[in-house]
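Chain letters run A, B, ... following the sequence lines, proteins first and then strands; every chain starts at 1. Keep in mind that what you see is a predicted model, and the values were worked out from it rather than measured.
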2 protein chains.
Amino acid sequence: MVVDTPRRILDAAADEFAERGLAGARVDRIAERAGANKQRIYAYFDSKDRLFDRVVEDQIEQLLDAVPFDAVDLPGYAVRLWQFNLAHPSLVRLLLWHALERPGEQLTHAASSHARKVAALRAVRGDDDWPAERLLGQVLGLVHGITLAPGPDPEQTRADLHRAVSRLVG
Amino acid sequence: MVVDTPRRILDAAADEFAERGLAGARVDRIAERAGANKQRIYAYFDSKDRLFDRVVEDQIEQLLDAVPFDAVDLPGYAVRLWQFNLAHPSLVRLLLWHALERPGEQLTHAASSHARKVAALRAVRGDDDWPAERLLGQVLGLVHGITLAPGPDPEQTRADLHRAVSRLVG
DNA sequence: AGGCGACAACCAACTGGTTAGTTGGTGACC
DNA sequence: GGTCACCAACTAACCAGTTGGTTGTCGCCT
């Protein structure tokens, strides 16, 4: 076995949940995709619900590792985050499903990472001119919005996003 | 009967679908919420799926009617759109569900309305300086992003959004 | 007026397929 | 002997969609 079973289950579940959401996903399908047995799922993860939570945590961690924050170069960070979203559409879908199906629940990893971003931004720019919290919110909002409504030409979109964030930071 | 049955069903279904999505919604629950009978749902709308489509169309229309586009005052339009989203969170959820559960399907009303917006914008600003299509995409992206990640102070957010769009337009 | 058919609506029970989660039994490997 | 894994069948519940039977209200014709 090249990869261990829990890992294979997590990855397969990530695909299934990203495609169909929590309510639409089927445990049997996850087992099949993982090339694993259904009982293994219930042995490692207690229930469909818990599996979903674990998958979301797992994926969020992968995103945070892949796109390090850069308080000095906000336009560059925004572009890299957008590019990551573009390269991993299923991760975006998964997080949207999570936001809809688990309303009011926020992810521990994401929250602490956000706090660290705000602190880093404040250290670089200070807070008097334009509060870091709100500036970051606008930048992330722009990235998320652009991600949801992709234009036809990625290179063009990249340049547009860079320009837009530069204007916000300006 | 104050309101006719199809209307009551549409409204009840809008609530149910906004909360739970297509896969998570229950037809019996919609009937109960509507104070109507289950068979009436199947008499007026053929199936759960078709009911979902009708609900989305219906709600989209309400949004387009409520927030008229203003090519001359983009920051004002952005703020009004955001305020509508803020006042109608269930509509936002419904459209997100639709985007996730009906991937690749675009709404006729929304598409034609978008085309009209682009045309209006081009008529006011011209296209040489900064293509209307892309500018509109950025403005809408910002609004959607801010909608998804709401700040603590609405009045502050309103002012921030206005400033941000002004910068984009400038 | 009275009678008739068409429709809107209700209630309740049912069907048939689906699906989360379980169980029991088997083998392989350390 | 314990752990990891498989297979297959099972259960218990759930749920979209159906059916049959009932009531009330119209418009219309005679």
Side-chain angles (χ1 to χ4, degrees), chain A residues 1-59 90 93-94 97-103 105, chain B residues 1-59 90 93-94 97-103 105:
Chain A
M1 218 59 66
V2 186
V3 187
D4 64 339
T5 309
R7 181 73 260 164
R8 267 175 17 244
I9 294 176
L10 273 180
D11 290 340
D15 289 343
E16 174 78 6
F17 283 133
E19 276 176 28
R20 320 239 185 183
L22 175 54
R26 297 292 163 248
V27 178
D28 294 85
R29 215 149 38 203
I30 294 175
E32 195 186 356
R33 294 177 100 138
N37 205 262
K38 196 174 164 184
Q39 303 85 325
R40 289 293 94 196
I41 294 180
Y42 287 97
Y44 287 119
F45 315 90
D46 285 346
S47 65
K48 191 189 179 187
D49 273 50
R50 280 175 195 265
L51 175 59
F52 182 69
D53 292 338
R54 292 284 301 274
V55 166
V56 173
E57 280 177 38
D58 180 60
Q59 295 283 309
S90 76
R93 288 177 59 88
L94 187 70
W97 284 117
H98 180 264
L100 285 173
E101 303 198 284
R102 289 250 191 286
E105 228 173 272
Chain B
M1 216 60 65
V2 186
V3 187
D4 64 340
T5 309
R7 180 73 259 163
R8 269 178 12 247
I9 293 176
L10 274 179
D11 290 339
D15 290 342
E16 174 77 7
F17 283 133
E19 275 177 29
R20 319 239 186 185
L22 174 54
R26 298 292 163 247
V27 177
D28 295 84
R29 216 152 34 204
I30 293 175
E32 196 186 356
R33 294 178 101 137
N37 205 263
K38 197 173 163 185
Q39 303 83 328
R40 288 293 94 196
I41 294 181
Y42 288 97
Y44 289 119
F45 315 91
D46 285 345
S47 66
K48 192 188 177 186
D49 273 50
R50 280 174 195 265
L51 174 59
F52 182 69
D53 292 338
R54 292 283 301 273
V55 165
V56 173
E57 279 177 39
D58 180 59
Q59 295 284 308
S90 76
R93 288 177 59 87
L94 187 71
W97 284 117
H98 180 265
L100 285 173
E101 302 197 285
R102 289 251 193 283
E105 229 172 89

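Protein atom CG of D4(A) is 8 Å distant from nucleotide atom P of dA5(D), rounded to whole Å. Going from atom CZ of R20(B) over to atom P of dA16(D) covers 12 Å, rounded to whole Å. Distance CD1 (I41(B)) to P (dC15(D)): 14 Å, rounded to an integer number of Å. In this structure, R40(A) places its CZ atom 7 Å from P of dC4(D), rounding to the nearest Å.
Considering only side-chain N and O atoms, T5(A) lies under 4.0 angstrom from the phosphate OP1 or OP2 of dA5(D).
Shown here are the side chain to side chain contact (heavy atoms under 4.5 Å, CB included) partners of R33(B), two or more places apart in sequence or in another chain: A12(B), D15(B), E16(B), E19(B). Annotation: side chain to side chain contact (heavy atoms under 4.5 Å, CB included) contacts of R7(B) (sequence neighbours excluded): V3(B), D4(B), L10(B), D11(B), D58(B), Q62(B). Listed by chain and residue number, K38(B) satisfy the side chain to side chain contact (heavy atoms under 4.5 Å, CB included) test with D28(B) (two or more places apart in sequence, or in another chain).
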- Nucleic acid footprint by protein, nucleotides 22-27 of chain D - heavy-atom cut-off 4.0 Å, B for base, S for sugar-phosphate alone: ------
- Using a 4.0 Å cut-off on protein heavy atoms (strictly under), produce a 5'-to-3' string for nucleotides 19-29 of chain C with B for base contact, S for backbone-only sugar-phosphate contact, and - for none. SBB-BB-----
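Between L94(B) and A18(B), the shortest heavy-atom distance links the atoms CD1-N, 3.9 Å.
Residue contacts for A36(A): at a heavy-atom cut-off of 4.0 Å it reaches the sugar-phosphate backbone alone, with no base atom in range.
Using a 4.5 Å heavy-atom threshold, the side chains of V27(B) and L51(B) count as separate. Between R20(B) and W97(B) the shortest side-chain heavy-atom distance does not fall below 4.5 Å.
With R8(B) contributing its side chain and G35(B) its backbone, the two residues share a donor-acceptor pair below 3.5 Å.
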Taking only distance into account, with no hydrogens and no angle test, what donor-acceptor pairs under 3.5 Å do side-chain atoms of residues 41-48 of chain B form with protein atoms, sequence neighbours excluded?
residue, atom, partner, partner atom, Å
S47(B), OG, R50(B), N, 3.3
K48(B), NZ, L22(B), O, 2.9
K48(B), NZ, A25(B), O, 2.9

